[in-house]
Protein chains: 2
Amino acid sequence: MNRERRALTRAGLKATAARERIFQLLESALPERHHLSADDIYARLRQSGERMGISSIYRVLTDLEDAGLVHRHHFDRHTMGRSLFELADGAAHDHMVCVETGRILEFQDPLIEARQRAIAERHGFEVVGRKLVIRVRRAGA
Amino acid sequence: MNRERRALTRAGLKATAARERIFQLLESALPERHHLSADDIYARLRQSGERMGISSIYRVLTDLEDAGLVHRHHFDRHTMGRSLFELADGAAHDHMVCVETGRILEFQDPLIEARQRAIAERHGFEVVGRKLVIRVRRAGA
DNA sequence: TATTGTAATGATACCCATTCTCACCTAGAC
DNA sequence: GTCTAGGTGAGAATGGGTATCATTACAATA
């Protein structure tokens with residue numbers, strides 16, 4: 001049983017071809033730091049001669065999200081409504097988006113995380129998720 | 001010249017009836033901590049016998065956002081695609097959303113803010129905006 | 001192997017928040 | 001008051017995303 005199947009079944013999802021394939025695509029996009037849209041995935045599949053219904057892609061992505069295997073982001077006001085997905089591998093991280101180039105940088109800061117937990121606790125809550133996007137610009141521009 | 005007109009012209013916007021009115025509405029929603037959607041505004045206007053085209057409402061909100069007078073939020077995956085607006089009065093604050101009740105709490109934390117600036121700087125950027133949403137659940141649920 | 005129930009898939013119709021278009025109107029300068 | 005850049009509104013268009021539903025794959029049992 002390969003890695004994708006293991007991840008899926010461990011997360012409580014039946015390992016189907018579609019899920020494995022999308023999981024793989026997101027995995028292969030990781031090193032380039034690529035956040036893929038449903039459309040990107042559709043296009044990449046077609047490019048390699050495969051065919052998958054766009055509705056299935058959305059469904060699979062939502063399933064993977066619900067299972068905690070991928071994260072969904074909405075970075076830009078102008079592309080709002082378009083979701084970008086990335087594999088939720090390992091450590092949670094946050095994003096910095098350059099308003100000029102659109103480049104997305106990832107970072108991770110335990111101090112901010114701890115602080116968030118503390119604030120939630122102070123209000124009687126526990127954190128189940130967080131989303132921090134810092135919009136930035138090249139300094140001195 | 002009233003407060004709304006001053007705020008608008010100071011921000012470089014021509015003071016029109018539509019802009020003043022929407023500004024007022026957002027202002028009056030502040031004490032209740034209400035985040036209004038374009039539709040909410042449309043409804044509230046109609047309720048008081050006024051009429052404004054929905055396209056104008058969207059346009060005005062976008063203008064106000066560009067001028068830095070209002071902030072736009074997208075809190076929930078299930079209502080994604082729906083923007084919520086609030087007046088950008090004074091101190092920046094972040095949000096905590098209860099995944100169970102949908103309640104939105106606001107908080108403010110100088111430490112997190114300072115940390116964000118530091119991280120941006122370390123990468124050669126300056127912060128132009130940020131958005132932090134912590135998804136929470138009643139503790140011990 | 002055949003049966004049968006359950007869940008996944010995909011084509012397509014649909015939804016609905018938002019944006020676009022364009023004729024018309026206004027605010028503000030002179 | 002006149003002029004003009006820019007604001008407004010009705011309705012059409014856009015475009016992610018979802019719902020529907022017939023078909024297909026799968027797995028368990030006979």
Side-chain angles (χ1 to χ4, degrees), chain A residues 1 4-5 8-9 11-25 35-46 49-67 69-85, chain B residues 1-2 4-25 35-46 49-67 69-85:
Chain A
M1 193 191 260
E4 289 80 22
R5 293 183 79 81
L8 289 167
T9 51
L13 292 177
K14 201 193 278 188
T16 69
R19 285 173 182 162
E20 278 181 58
R21 195 68 188 86
I22 289 181
F23 196 100
Q24 271 176 6
L25 274 180
H35 299 74
L36 301 179
S37 69
D39 235 39
D40 291 336
I41 291 170
Y42 184 75
R44 292 193 179 198
L45 285 172
R46 298 212 71 173
E50 297 159 85
R51 184 73 59 107
M52 197 183 298
I54 189 70
S55 44
S56 295
I57 294 174
Y58 278 111
R59 211 167 337 132
V60 166
L61 286 170
T62 303
D63 290 344
L64 293 178
E65 185 191 12
D66 288 338
L69 294 174
V70 314
H71 291 312
R72 177 191 303 243
H73 301 289
H74 295 81
F75 289 122
D76 190 348
R77 176 183 104 193
H78 302 290
T79 52
M80 208 73 81
R82 161 167 285 138
S83 299
L84 295 180
F85 299 86
Chain B
M1 192 188 260
N2 64 28
E4 289 81 21
R5 293 182 79 79
R6 263 202 313 278
L8 289 169
T9 50
R10 205 188 314 133
L13 293 177
K14 202 192 278 188
T16 68
R19 285 171 181 165
E20 280 181 57
R21 196 67 188 86
I22 289 181
F23 197 100
Q24 273 175 8
L25 274 181
H35 299 74
L36 300 180
S37 69
D39 232 41
D40 292 336
I41 291 171
Y42 183 76
R44 291 192 182 198
L45 287 172
R46 298 213 69 174
E50 298 159 84
R51 182 73 57 107
M52 195 182 300
I54 188 72
S55 44
S56 295
I57 294 174
Y58 278 110
R59 210 167 337 124
V60 167
L61 287 170
T62 303
D63 290 345
L64 294 179
E65 185 191 11
D66 287 339
L69 294 173
V70 315
H71 290 312
R72 178 193 301 246
H73 300 287
H74 293 83
F75 289 122
D76 190 348
R77 175 182 106 194
H78 302 290
T79 53
M80 208 73 79
R82 162 167 284 136
S83 298
L84 295 179
F85 299 86

Length of the [atom1]-[atom2] vector between [X] and [N], whole Å:
X       : N      : atom1 : atom2 : answer
B:Ile41 : C:dA17 : CD1   : P     : 14 Å
B:Arg72 : C:dA17 : CZ    : P     : 14 Å
B:Arg46 : D:dA10 : CZ    : C1'   : 13 Å
B:His74 : C:dC16 : NE2   : P     : 17 Å
A:Glu20 : D:dC26 : CD    : P     : 11 Å

side-chain contact (heavy atoms from CB on, under 4.5 Å), that's the test. Do A:Asp39 and A:Ile54 meet it? Break it down for me. CA-CA 8 Å; A:Asp39 235 39; A:Ile54 189 70; 4.1 Å; yes
Can you sort out the partners of B:Arg59 under side chain to side chain contact (heavy atoms under 4.5 Å, CB included), two or more places apart, ordered by chain and number?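 Listed in chain order: B:Ser55, B:Ser56, B:Asp63.
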Answer yes or no: is there a side-chain heavy-atom contact under 4.5 Å between [X] and [Y]?
X       : Y       : answer
A:Ile57 : A:Leu45 : yes
A:Arg21 : A:Ile41 : no
A:Leu13 : A:Leu64 : yes

Base, backbone or nothing for each nucleotide of nucleotides 3-9 of chain D, written B, S, -, heavy atoms under 4.0 angstrom, 5' to 3'? ---SSBB
Strictly by modelled atom types, are A:His73 and A:Ser83 linked by a side-chain donor-acceptor pair under 3.5 Å?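 No, no side-chain donor-acceptor contact under 3.5 Å.
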Scan nucleotides 13-16 of chain D against the protein and return all N/O pairs shorter than 3.5 Å with their distances rounded to 0.1 Å.
from   : atom 1 : to      : atom 2 : distance (Å)
D:dG16 : OP1    : A:Arg82 : NH2    : 3.3
D:dG16 : O3'    : A:Gly81 : O      : 2.2

side-chain contact (heavy atoms from CB on, under 4.5 Å) between B:Arg19 and B:Lys14, intermediate numbers included: CA-CA 9 Å; B:Arg19 285 171 181 165; B:Lys14 202 192 278 188; 3.8 Å; yes
Using heavy-atom distances to pick each residue's nearest nucleotide on DNA chain C, tell me which of B:Phe85 and B:Ala15 is more 5'.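 Looking at DNA chain C, the more 5' nearest nucleotide goes with B:Phe85.
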Please determine whether side-chain contact (heavy atoms from CB on, under 4.5 Å) holds for the pair A:Leu8 and A:Leu69, giving the CA-CA distance in whole Å, both sets of side-chain angles, and the decisive distance to 0.1 Å. CA-CA 8 Å; A:Leu8 289 167; A:Leu69 294 174; 4.0 Å; yes
